[in-house]
Amino acid sequence: MIEARGLGVARGGRWLIRDAGLRVARGEVLGLIGPNGSGKTTLLRCLYGALAPDAGEVRLGGADIGALPRREIARRIAVVPQERPDDSGQRLREVVALGRLPHRGLMPGLGAGGAAAAQHALERVGLGAMAERPFASLSGGEAQRGLIARALCQEAPILLLDEPTNHLDLRYQHEVLGLIRSLGLTVVIVLHDLNLAARYCDRLALLDGGQVIASGPPEAVLTPALLEPVWQVSVTTLPRRDSGLHLIFAERPLDGQNQELFHAHH
Amino acid sequence: MAGPSRAITPLTRDAAILTALTLLLALTAMLCCGLGPVSIPPGTVLRVLGHHLLDWPVQGDWPASTDAIVWLSRLPRVLMAIAVGATLALAGAALQAVVRNPLADPYVLGVSAGASTGAALAILVFSGTGILLLSTSAFAGAVLAMLLVLVIGGARGEVVPFRLIMAGLAVGYALTSATSFLIFASDSPEASRSVMFWLLGSLASVHWITAQVALAVAAVTLVFMAFASGPLDALAAGDETALAVGLRPGAARLALMVGTSLAVGVMVAGSGGIGFVGLVVPHMARALTGARHAILLPTCALLGAIVLLLADLLARMLFAPQEMPIGVVTGLIGAPLLLLLLRNAAPRP
């Protein structure tokens, strides 16, 4: 459905991502993981054509995304970027209704401007009662859910999210990711927290130094052998009761002493 | 927290605001046609207008001088004030969203400074006094200044708001200096005075043809802006947001800036660089209707027209028969209004 082949983005003589490839099937939740500066956001921005790659291409339903009009892309891909919108005095309802823009003709309307669609999207993220609040007055978690509502209001089959659980407390992290999973959309999501990635993604792509060094189901990617060299911390995986797995990290790179400690634990 | 009073939907509220402002505009325009050195009662004003526009009443029972005052002297000026006020306010609101800066005014691209230099050149160097030479020269100056700002500000192929504002400031200061130099180097105090008068803005020399052109441009601007209201909402929220909802921020910004600056150039060429209206009126309108451009823009147009009509009325009445530059009045009214809005503005979190 959406596919990147041999993507390369260079800035100032350095490759931010290089020969990066991934494929997302319809209805799949793909997690992009990797340390800071590994190229997750750059790769994500290429996927919706916000960045034109210096090498390779992104294909959306068989077409090169670089050749598609921006509006057409927005009808098929909704994005929750990391950036908060500037405070332009807009109310939550107005921010969410921006999601209708790619569907609207240019005809201006004095009407409520997609009010019904916006209200429906707000109710899905549990903010139905806050529609009239100024966006700038929302808490971090409310604002994040508001942006997800805007993406839902866009009614695109593909949803891209850049670290949507930042600024969220534990409860909302799970609520937001559970919500995203329940939508039945094709999702690509950048996640910092590997345990959340393990729990909510069908497949993971692990980035390091701008390259996708591993991809597959969480059990295949979240192994100490793959993770430890990338993050330079020791990793222990524990099976969860509800299938799936849980990771435990130690602050130092794995050395002999730590290994003994962990073995003693088990 | 529930929305503010559920009984009134946003739609009916918006419609009520627009209706009220439209009535207020008609009333103000009527008042301005009637007031002046020769006071003409509103009934007579209405009948003169009816006679000319609708051929009703067919026969006038008023003196020819009354007819001339209303139809030839005051009405063009009133229409010009409406066109200029509406366009400046619309442009201010749009540019504040486009460069994402509440302090932007319609002249961010150096349009006013360019027009001033053009006008000064026409008056001082070519000793032009004809309205056509003056307006053409001012408009050419405005367009050239805008192009210069775009070339400097967009030098890296991207139209970034911060670079544009800086380029606009630089070009503006340079051209203001050039204008001052022209005035300084001129040996005709009379001509210098007329440049100064022009710089501060005035509707005193408006003819029917100027008013008609300005009205047509204002109408086109209003329609252009109505189509742009959705993109303006997105641009105001930021480039990432605009991209996400299907807009190329660079291209949209460029189209909006060039479109509005051209319209403002026409207004400046006809009436001089009237300050404050384009900066203050959008803030007043936002306080009234909120940030959504579909309602904000028509509100700005109506409010801008009303404010400039009143400012022009004061400019010609306060020291009658002496005319004051309208820029002096808009500055005197605008500054306290800005402070008032600042006081009432909710503190940002």
Side-chain angles (χ1 to χ4, degrees), chain A residues 45 48-51 68-91 93-95 97-115 129-139 147 150-151 153-154 156 160 162, chain B residues 1-6 9-15 17-18 96-97 100-102 161 222-249 251-252 283 286-287 289-299 345-349:
Chain A
R45 285 175 61 79
Y48 65 101
L51 262 182
L68 291 175
R70 198 64 243 173
R71 255 163 81 89
E72 181 58 35
I73 297 173
R75 276 188 215 136
R76 297 209 230 158
I77 303 179
V79 187
V80 178
Q82 218 176 49
E83 249 178 49
R84 290 277 155 285
D86 279 19
D87 177 17
S88 57
Q90 284 161 321
R91 295 176 185 282
R93 167 175 55 79
E94 292 161 351
V95 169
L98 287 176
R100 299 315 300 164
L101 211 55
H103 298 281
R104 240 169 60 186
L106 272 175
M107 272 319 286
L110 277 185
M130 295 200 181
E132 299 300 326
R133 284 266 298 271
F135 190 80
S137 76
L138 301 179
S139 74
L147 293 186
R150 186 186 76 204
C153 194
Q154 217 166 315
L160 308 185
D162 196 351
Chain B
M1 189 182 109
S5 75
R6 278 275 159 212
T9 68
L11 189 60
T12 47
R13 202 184 112 83
D14 292 353
I17 288 173
L18 291 184
Q96 283 168 6
R100 243 173 283 134
N101 189 328
L222 186 61
V223 173
F224 174 72
M225 286 296 162
F227 282 110
S229 62
L232 278 171
D233 286 340
L235 281 174
D239 283 11
E240 280 298 324
T241 306
L243 259 177
V245 298
L247 210 67
R248 290 196 184 283
H283 290 287
R286 248 177 239 118
T289 65
R292 211 164 63 87
H293 286 87
I295 172 71
L296 176 66
L297 292 172
T299 307
R348 297 278 155 94

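First the proteins, then the strands, lettered A, B, ... as listed; each starts at 1. We use all heavy atoms of the structure for the numbers below, so side chains are in, but hydrogens, waters and symmetry mates are not.
Shown are Leu98(A), Leu147(A), Val79(A), Val95(A); of these, the side-chain contact (heavy atoms from CB on, under 4.5 Å) with Thr241(B) is made only by Leu98(A).
Interface remark: Pro102(A) contributes backbone and side-chain atoms alike to the contact with chain B (heavy atom separation under 4.5 Å). Using a 4.5 Å cut-off between heavy atoms, Arg248(B) touches chain A through backbone and side chain atoms alike. Residue contact with chain B, scored on non-hydrogen atoms closer than 4.5 Å, is absent for Ala78(A). Only the backbone of Leu68(A) comes within less than 4.5 Å of a heavy atom of chain B; no side-chain atom from C-beta onward does. Contacts of Arg75(A) with chain B are absent, with no heavy-atom separation under 4.5 Å from either backbone or side chain.
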Step by step, would you call Glu83(A) with Asp239(B) a side chain to side chain contact (heavy atoms under 4.5 Å, CB included)? CA-CA 10 Å; Glu83(A) 249 178 49; Asp239(B) 283 11; 6.0 Å; no
Step by step, would you call Arg45(A) with Glu240(B) a side chain to side chain contact (heavy atoms under 4.5 Å, CB included)? CA-CA 10 Å; Arg45(A) 285 175 61 79; Glu240(B) 280 298 324; 2.3 Å; yes
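Contact detail for Gln154(A) and Val245(B): the closest heavy-atom pair is OE1-CG1, 4.0 Å. Of all non-hydrogen atoms in Ser88(A) and Ala236(B), the two that sit nearest each other are CB-O, 3.6 Å.
Put simply, the side chain of Gln90(A) reaches to within 4.5 Å of the side chain of Asp233(B), judged on heavy atoms.
The greatest number of non-hydrogen atom pairs below 4.5 Å with chain A, out of Gly290(B), Pro102(B), Ala244(B), Ala15(B), is found for Ala244(B).
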